[in-house]
Amino acid sequence: MGFFSSGRFSRWPGPYRIAVAAIAAAVITFIAAGSKVSVAATAAQQGGNIKGKVVADIPDQRKPLAGVVVYLSGERLADRKLQAISDREGRFDFVGLIAGDYLLSVELAGFKKYEQKISVQIEATVEHNILLQPNPLSATVTVKEDPTDTSKTDSTTPSVITAAALRDVPLVDQKFQDALPLLPGVVRGPDGTLNIKGTRPSQSGILVSSLNVTDPVTGSPAIELPLEAVETVQVYSNPYSAEYGKFTGAVTTIETRSGTNDWRYLVTGTLPRPRWRDGHIYGIGAATPRVAAGGPIKKDKLFFFQSLEYRFVRTNVPSLEDLNEPSDIQRESFDSFSRVDYVVNPNNRLTVSFSVFPQKYDYLTLNTFNPAETTANFHQRGWFFALNEQAAFKSGALLQSSFSVKEFDGDIFGNSGAPYRITPDRNFGGWFDRQHRDSRRYELLEIYRFAPQKWHGSHSFLTGLNFSHTSFSGTDTSKPVSVVRENGTTYQLIEYAGGGALGRRQNEYSAFVQDKWAVNGRVTLDLGLRYDRDQIGAENNFAPRIGFAFLPTSSGRTVVRGGVGLFYDKIPLNIGAFEQFPNQRVTTFAPNGVTVVDGPRLFRNTAPDNLKNPYSLAWNLQIDHQVTERLLLRVGYEERRTRRDFIIEPVSGPGALPSQNALLLQNTARSSYREFQTVARFRFQEGRNIFLSYVRSQARGDLNDYNTYFGNIRHPVIRPNEYGRQPFDAPNRLLFWGDFGLPHDIVLTPVVDWRSGFPFSLLNEQQDFVGPRNGGGRFPQFFTLDVLVMKGLKIHFRGKKYKGRAGFTIFNITNHWNPRDVQNNLASPQFGTFYNSMGISMRLKFEFVKY
């Protein structure tokens, strides 16, 4: 109990000390209860997994079988044979498995003996149902088990998007990121970025094959993968496993596809979408062909998977269609993902993957108040190489070694050389800022998983080390910006002086230990400690975490889980380079726009002598109850408080001397997020689910976020910081979606999304905030009904039969008014007017597939 009695714990806020004490008391009570350890509860959370259902395959009476003993054997287990007992819904799982070949077997009176060879790749999940037949006509039938089923021993349950969902849900741009808003607590904010569990993009982490793929400069996600390359996407809020770090919000993990002994291929997106304007076709609106293939190079030894995608997409801004200039945001990209899996020998496996994702965003900031000439273009180039090796030992221990290199380069520039002017009605001229940067990250990760240990239950220990070296170099130059009054006179002139050459590098070190302790058949604990240090923060950060899962009844139908933990964030390189950026020089003019009344003031970029890593203290409590075999109900609450984040604060003295004026980088920002969540999942058909969720949340924080003013798209007007609603705060959200299998091989997937509108601020003609920021009102309530319909086809070609699918997607069927822009300047004649709602639209889809 040394940590709880330490001075550091006593400095935690009162509610968190109470939460920790309550959880600790509950844990002690559960330990005291003590009972026999279950095999299923002893497995580690990470590693390979085999999960599925045991089903009696009786004609017209297919039903799950409870209490069936499922055996797992193989070289990876040496002389041991694992067993799992199916629960009341017939589910079984083996988790924390070393990659290799296994034999799954069942012997049950009245049914034929079942045996099936299963091959598990590195950190892959194999979903396999066991269909026991009362006669010897057929050995087995393999179907997909539901990956959204949750373990009864995990303290944290991720929100999951599967490959099947990615294929069968309406996706606007056919990207895996488009599916994340199907998860409770994930919204696409007013700037188009994803906000996960009340956080900005730079506060969250994203991992591919356990390796960091964020932008080293801004800290935001920076990876693109073809849709078919993604096997599952999991979003963890408050993961209590210590192997997760370098974020203060949530972490997204992506599992990529691997090749198997079966050949698979897919060709889709071959139908270009026309660009409609006023009932006529004007060229191509989008073309997104995708090709994927995978299979064995050498059976049982060497496998490959390859996916390619070209993307050209125009996104219309309806409020600009009447202007004689471009009214579409244009994106062009090429994404490639390659993966090779090699079974070196029975104890060693090797995975090599390589992805390339160059893309061009033209007219990126296009909206009602930023016509084409004023917008910024963002052209980026990136690639990611990863090497994963797994070594298994006879003791049951496992060593996983991973190495990666990521490069992410970018250019941001405008479309006109005219001076940039900000007026109450709209902006004029060419984008003022030009950026060029090259960045790279080298990362090494070692994780050692000990063989299970017995002591007052069962322990699955893991420990790891992580080292990364990040660097960037580039330039940033800005042209003058004018703030213009409604009558056309200049109120303020913002110029930029000095700097322009940017560069920073740092090493980051992490270490962690984790114990998954199965105390007894009803109590499992996750106990972890993580250490992080980087050269910019130059501080030793220790993050303790504890999570629990408790089965209060012998039936196992109810699971209570939760925990509390400390999470330290990364410090992006652009924060370390703050003083290298050009300084602002601000001159203020009288109402005639000529006479200088203040300045010019030089606001010198000034950073603290010692930067510290932001951190968050988070806790949650969640109850899952399996009402019937088909219906799962969930109720949960979580809270997070973030401290020591980074904001920008302008400071002015009584005179114009440089010593009296500064643009301060402050390491004192705070934010908070609270969420109450209810979820119902109904298994409508085998392998098909319906989800209904309601989320009540609150997201507040300091609003002068660093990346708003020094990120990819810089805002030139910097006013004093305030604490208030986050721009992506949506207090109420109701979400329904699911996929339905209909006769004639038809799949129907509706998505209904309703939420509160986002808040906005009020401005005057000087671009000063009027009243509390984000307190001027809210956008109208958002509502959309989207539907995807697909039908399976049998294609006859040259005497052979092939499989395909064809269908269509309709977005915003009700044509609900969902504006994306608002005129919030009090001096504009259009003040209070909303613009830019996307109307009803339809897209065709065709797939030529063998999956």
Side-chain angles (χ1 to χ4, degrees), residues 159 161 171-173 175-206 213-225 233 235 237 247-252 254 313 315 317 329 331 333 357 359-367 370 375-378 380 382 408 410 412 435 569-570 572 574 642 645-647 671 673 697 699-715 725-730 733 753 755-761 774 779 782 818-822 836 838:
S159 300
I161 295 291
L171 301 178
V172 173
D173 286 331
K175 297 166 55 181
F176 75 87
Q177 295 93 329
D178 295 336
L180 292 183
L182 295 176
L183 305 176
V186 181
V187 297
R188 191 171 291 280
D191 60 354
T193 60
L194 288 171
N195 303 108
I196 302 176
K197 298 293 184 178
T199 62
R200 298 184 302 274
S202 60
Q203 293 177 302
S204 296
I206 182 168
V213 291
T214 58
D215 180 357
V217 179
T218 65
S220 299
I223 186 72
E224 295 291 340
L225 293 169
V233 181
V235 176
S237 179
F247 63 90
T248 52
V251 61
T252 301
I254 299 173
V313 178
T315 302
V317 179
I329 300 172
R331 177 189 175 192
S333 64
F357 42 94
Q359 61 180 341
K360 297 190 297 183
Y361 281 101
D362 291 331
Y363 313 115
L364 176 61
T365 55
L366 192 74
N367 61 30
N370 289 291
T375 59
N377 306 314
F378 186 14
Q380 61 189 46
F408 189 72
I412 299 171
Q435 299 182 40
D569 205 350
K570 55 195 172 293
N574 64 348
T642 303
D645 215 336
F646 298 99
I647 56 171
S671 62
Y673 180 70
S697 64
R700 297 176 63 84
D702 286 303
L703 300 176
N704 274 15
D705 166 51
Y706 182 85
N707 275 336
T708 300
Y709 303 99
F710 289 89
N712 292 329
I713 305 299
R714 299 182 57 178
H715 197 291
R725 298 189 188 105
Q726 296 282 15
F728 44 81
D729 176 58
R733 188 184 187 213
D753 190 358
R755 61 164 170 79
S756 306
F758 294 127
F760 60 86
S761 303
N774 290 330
F779 280 79
F782 177 91
N818 297 317
R820 293 178 290 180
D821 301 330
V822 60
N836 199 15
M838 299 299 291

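For the numbers below, each heavy atom of this structure counts, side chains included, while hydrogens, waters and symmetry mates do not. We count residues from 1, following the sequence as given.
Taking CG of L225 as the reference point, atom CZ of F176 lies at 5.5 Å (rounded to 0.5 Å). Note: S202 OG to D569 CG = 7.0 Å, rounded to the nearest 0.5 Å. With values rounded to the nearest 0.5 angstrom, N836 atom CG is found 11.0 Å from N818 atom CG. Atom CG of N367 sits about 8.0 Å away from atom CD1 of I329, to the nearest 0.5 Å. Between the CD1 atom of I412 and the CG atom of N377 there is a distance of 10.0 Å, given to the nearest 0.5 Å. For the atom pair CD1 of I161 and OG1 of T252, the computed distance is 11.0 Å after rounding to the nearest 0.5 Å.
Contact detail for A730 and R755: the closest heavy-atom pair is CB-CD, 4.3 Å. Nearest heavy-atom pair, G410 versus F378, reported as atom, atom and distance to 0.1 Å: CA-CE1, 4.0 Å. When all heavy atoms of S333 and Q359 are compared, the pair lying nearest together is CB-CB, 3.3 Å. Summarising the geometry of Q203 relative to F247, their closest heavy-atom pair is O-CB, 3.5 Å, with the distance given to 0.1 Å. Taking both residues in full, the closest heavy atoms of S671 and Q726 are given as CB-NE2, 4.0 Å, listed atom of the first, atom of the second, then distance. Looking at every heavy atom in both residues, R733 comes nearest to P184 through NH1-CA, 4.4 Å.
The closest donor-acceptor contact from the side chain of R331 to the backbone of Y361 lies at 3.5 Å or more, if one exists at all. Proximity of a side-chain donor or acceptor of D178 to a complementary backbone N or O of K175 within less than 3.5 Å is detected. T365 contributes a side-chain N or O that, together with a main-chain N or O of A376, makes up a donor-acceptor pair within less than 3.5 Å. In this structure a side-chain-to-backbone donor-acceptor pair under 3.5 Å is present from S761 to N774. Distance alone, capped at 3.5 Å, places no donor-acceptor pair between the R188 side chain and the T193 backbone. For Q380 (side chain) and K360 (main-chain N/O), no donor-acceptor pair under 3.5 Å exists by modelled atom type. A donor-acceptor pair under 3.5 Å links the side-chain atoms of Q435 to the main chain of G711, judged by distance alone. Judged purely by atom type and a 3.5 angstrom limit, N195 has no side-chain atom pairing as donor or acceptor with the backbone of G198.
By the 4.0 Å N-to-carboxylate-O rule, D645 lies close enough to R200 to be salt-bridged with it.
By the 4.5 Å heavy-atom criterion applied to side chains, H715 and Y709 are counted as neighbours. The shortest side-chain heavy-atom distance between I647 and Y706 does not fall under the 4.5 Å cut-off. Counting heavy atoms from C-beta outward, F710 and F646 have side chains that stay 4.5 Å or more apart. No side-chain heavy atom of D173 sits less than 4.5 Å from a side-chain heavy atom of L171. Proximity of P572 to V217: side-chain heavy atoms (C-beta onward) are nowhere separated by under 4.5 Å. T214 has its side chain out of reach of S220: every pair of non-hydrogen atoms, C-beta onward, lies at least 4.5 Å apart. Using a 4.5 Å heavy-atom threshold, the side chains of T199 and Y673 count as separate. Side chains of P759 and P727 form no contact here, defined as non-hydrogen atoms less than 4.5 Å apart.
For the pairing with N574, the side-chain hydrogen bond (donor to acceptor under 3.5 Å, both in side chains) check across T218, D215, N707 returns one residue only, N707. Among L183, V186, I206, V187, the one residue that satisfies the side-chain contact (heavy atoms from CB on, under 4.5 Å) test with I196 is V186.
Under the side chain to side chain donor-acceptor pair (under 3.5 Å) criterion, T375 pairs with N415, sequence neighbours left out.
In this structure, F758 has its ring center no closer than 6.0 Å to that of F728.
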